[in-house]
Amino acid sequence: MIVTLPDGTELELPEGATGADAAAAIGPGLARAALAVRQAGEVRDLARPLIAREALEIITAKSGRDALDLIRHDAAHVLAAAVMELYPGVKISIGPPIEQGFYYDFEFPDGVTVTEADFDAIEARMREHIAAGETFDRAEATVVEALARFRAEGQDYKVELIEDLVRDQGIDTVSVYRNGPFTDLCRGPHAPGTATIGAVKLQSVAGAYWRGDASRTMLTRIYGTAFFTKKELEAELERLEQARARDHRRLGRELGLFTFSEVSPGSAFWLPKGTTIFNQLVGLSREMGEERGFTEVKTPQLYDSELWKTSGHWDKYRQNMFVTEAEDREFGLKPMNCPGHAHLFAGQRWSYRDLPVRYSEPGLLHRNELSGTLHGLLRVRHFAQDDAHIFCTEEQIEQEVRTCLEFAMETFAIFGFAVELELSTRPEQRIGSDEMWDRAEGALQKVLDDEGLSYQVNPGDGAFYGPKIDLHTTDSLGRSWQLGTVQLDYSMPERFGLVYTGADNADHRPVMIHTARMGSFERFIGILVEHYAGEFPLWLAPVQATVLPISDKHADAAHAVASTLRGQGLRVDVDDRTESLGRRIRDGELARAPYLLVVGEREAADGTVSVRRRHEGDIGTMPVAEFAAVAAAEIAERREAPAPA
RNA sequence: GCCGGAGUAGCUCAGCUGGUAGAGCAACCGCCUUGUAAGCGGUAGGUCAGGGGUUCGAGUCCCCUCUCCGGCUCCA
């Protein structure tokens with residue numbers, strides 16, 4: 001049998017040779033390091049026969065993602081083994097590797113709860129399995145044998161998994177892996193043994209529905225992570241520690257940007273500094289929108305439930321709306337701007353010459369999100385979006401989508417962070433003809449391709465009224481959040497009876513495009529705080545410069561400098577507390593001040609300031625006017641701030 | 001909403017098996033008059049999330065509620 005190695009050479013092996021044989025044929029060092037092989041796009045056990053004439057890659061600890069996934073999957077089995085020993089009667093379900101580690105889901109016997117306090121004991125037992133150097137032995141079992149075995153053990157979840165595999169894929173055998181005393185239904189692959197798990201740590205415990213279905217049993221999920229070396233594990237734990245330090249909830253409090261209170265769960269209280277940032281972003285959105293033909297409107301907060309019945313929200317979304325009543329009329333606070341904008345559009349006659357009409361509104365929205373989903377600024381009940389709705393003709397869709405997408409990408413470029421794009425296509429339950437969906441999806445896809453953007457397709461994830469492009473990014477801990485969106489909507493125009501007069505003097509139905517770039521300003525600021533670790537670029541910084549008089553003899557001069565700079569439009573504070581200069585510099589640094597301007601005897605005499613720049617330290621003395629010009633240029637260009645050395 | 005955890009001064013936290021609440025930082029008041037990341041001294045500050053219960057006695061034990069944290073589900 002011949003297989004091709006990554007460098008193009010061909011390796012000849014006896015028929016039936018395994019991955020281990022191949023590694024040994026290449027060299028004894030590789031034979032020791034080999035963990036698995038990759039062939040035909042699939043990671044396979046070292047002990048399994050190779051596929052002839054397929055490219056072969058030997059996976060070792062240096063193989064990155066593939067290697068980590070292997071030992072984390074191994075670690076999940078070791079976790080299950082330890083848990084079964086410590087908690088007799090526990091039922092096991094599934095335990096895959098994930099981006100940052102692994103988890104395993106269990107159903108513990110009645111009355112047993114596992115908390116982080118139990119981790120030491122579980123980890124100790126896991127280390128015993130690792131120290132024992134158990135091998136992972138793969139075996140095939142017939143469905144009949146496997147079902148009998150797992151039924152006998154009372155492992156109901158394994159039984160269900162096998163039954164579903166039989167039903168959906170018609171399989172008649174399954175693979176099981178054994179390490180030490182523990183055997184698990186598993187597709188594999190695994191490393192040869194437990195010994196390659198160099199370092200393992202359990203991290204958290206959480207509830208998780210069996211098969212992600214809220215109507216089924218809530219299992220107990222234990223999360224952990226594993227690495228080849230203790231050093232790598234420690235580096236990861238250190239990274240997580242630093243990520244927590246830039247958590248927007250913590251920085252928001254420390255920097256005085258916003259607070260939360262029990263009196264209004266899920267709603268931020270914006271302090272002056274946070275409000276400044278908020279207003280800068282609204283200003284940016286407004287400025288960029290005006291350049292692109294968006295016109296701002298203002299629509300009400302509260303609407304008669306009739307409007308929500310027209311829009312369809314009453315049927316589909318009512319449990320997420322805040323509803324109230326007055327004088328026997330039922331009202332709902334708006335969770336979205338679109339019905340208001342559609343109503344506005346319906347209020348006048350439109351010619352095809354008027355289209356597209358682009359209404360934007362950074363309006364306040366309320367959504368009654370489930371209490372358990374609230375999360376700092378990233379998931380709130382009260383927020384504003386850089387929201388807009390475009391009313392256009394079928395022919396204009398492509399151009400308008402292009403404008404929206406470019407608008408979004410140009411917005412993100414200002415902040416220098418990457419977004420992931422997702423194209424969601426027609427769901428099972430939908431309105432409109434297949435031709436309509438073909439056109440709509442085609443238009444979105446064409447723009448994405450024309451712009452050379454990479455994106456993921458989520459088949460069936462579109463809204464019932466049209467396909468959409470969503471823009472996602474991640475927070476400091478790697479959790480994904482949706483920011484912007486571009487959604488085609490054929491439904492709302494229908495429901496509101498929207499029309500324009502075409503060149504043929506007949507009525508036509510416009511198409512509506514829902515779009516946002518940053519999404520909610522709240523969420524965007526949360527992401528920005530973590531992205532910048534609180535060190536905002538000058539144009540966003542709540543306080544752009546803090547003037548520090550050396551002693552109270554220079555307070556007047558410091559205030560004069562501040563007043564001059566404010567006259568130039570800069571946001572300037574004076575810290576004239578009777579604290580030592582060192583202390584006030586420290587406080588300024590901790591407040592992430594972009595510039596600290598020291599004013600003492602010399603500066604007061606010649607109209608200068610001694611400039612200390614964040615991360616650069618003392619950059620020398622310059623005339624006040626010169627500093628103002630430097631800062632103004634930095635702000636005008638929305639320049640990124642210097643990074644830590 | 002569901003599972004688990006947590007809630008003590010403005011913030012970070014201590015408070016052993018029940019016996020009248022404590023530290024650091026911040027705040028306030030003085031002194032110091034300060035040259036690029038913490039000057040010194042003093043003062044004040046708590047319905048121990050809220051409510052109910054057990055007990056001679058509850059921050060500590062039990063129950064309910066609220067909020068937050070980690071996940072899951074949801075996000076038209």
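Chain naming here is simple, since letters A, B, ... match the order of the sequence lines and numbering starts at 1 in each. Below, all heavy atoms of this structure are taken into account, side chains as well, without hydrogens, waters or symmetry copies.
Comparing B:rG52 with B:rC66, their C1' atoms sit 15 Å apart, to the nearest whole Å. Comparing B:rG41 with B:rA37, their P atoms sit 22 Å apart, to the nearest whole Å. Comparing the C1' positions of B:rC69 and B:rC32 gives a spacing of 44 Å, expressed to the nearest Å. Across the C1' atoms, B:rA23 and B:rA44 are found 16 Å apart, a figure rounded to whole Å.
If you measure from atom CD of A:E589 to atom C1' of B:rA38, you get 13 Å, rounded to the nearest angstrom. Between A:E579 atom CD and B:rG35 atom C1' there is a gap of 16 Å when expressed in whole angstrom units. Between A:R253 atom CZ and B:rC11 atom P there is a gap of 7 Å when expressed in whole angstrom units. If you take CG of A:D587 and P of B:rC11, they are 18 Å apart, rounded to a whole angstrom.
A sub-4.0 Å separation between OP1 or OP2 of B:rC11 and a side-chain N or O of A:R250 is absent.
The pair A:D573-A:K273 fails the salt-bridge criterion, with no side-chain N (NZ, NE, NH1 or NH2) lying under 4.0 Å from an Asp/Glu carboxylate O.
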What one-letter contact string describes nucleotides 63-76 of chain B from 5' to 3', where B marks a base within less than 4.0 Å of any protein heavy atom, S marks contact via sugar-phosphate atoms alone, and - marks no contact?
---SSSSBBBBBBB

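Under the 6.0 Å cut-off for aromatic ring centres, A:F627 and A:Y595 qualify, their centroids lying closer than that.
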Dot-bracket, RNA chain B: Watson-Crick or G-U, under 3.5 angstrom, [ ] crossing, | other strand?
(((((((..((((.....[..)))).(((((.......))))).....(((((..]....))))))))))))....

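Using a 4.5 Å cut-off on side-chain heavy atoms (C-beta onward), A:K201 and A:E236 make no contact. When side chains are defined from C-beta on, A:D618 does not count as touching A:V598, because their heavy atoms never get closer than 4.5 Å.
At a cut-off of 3.5 angstrom, the base of B:rA38 holds no donor-acceptor pair with the side chain of A:R583.
Identified under the salt bridge (charged side-chain N to carboxylate O under 4.0 Å, His left out) test for residues 512-538 of chain A, with sequence neighbours left out: A:D386-A:R517.
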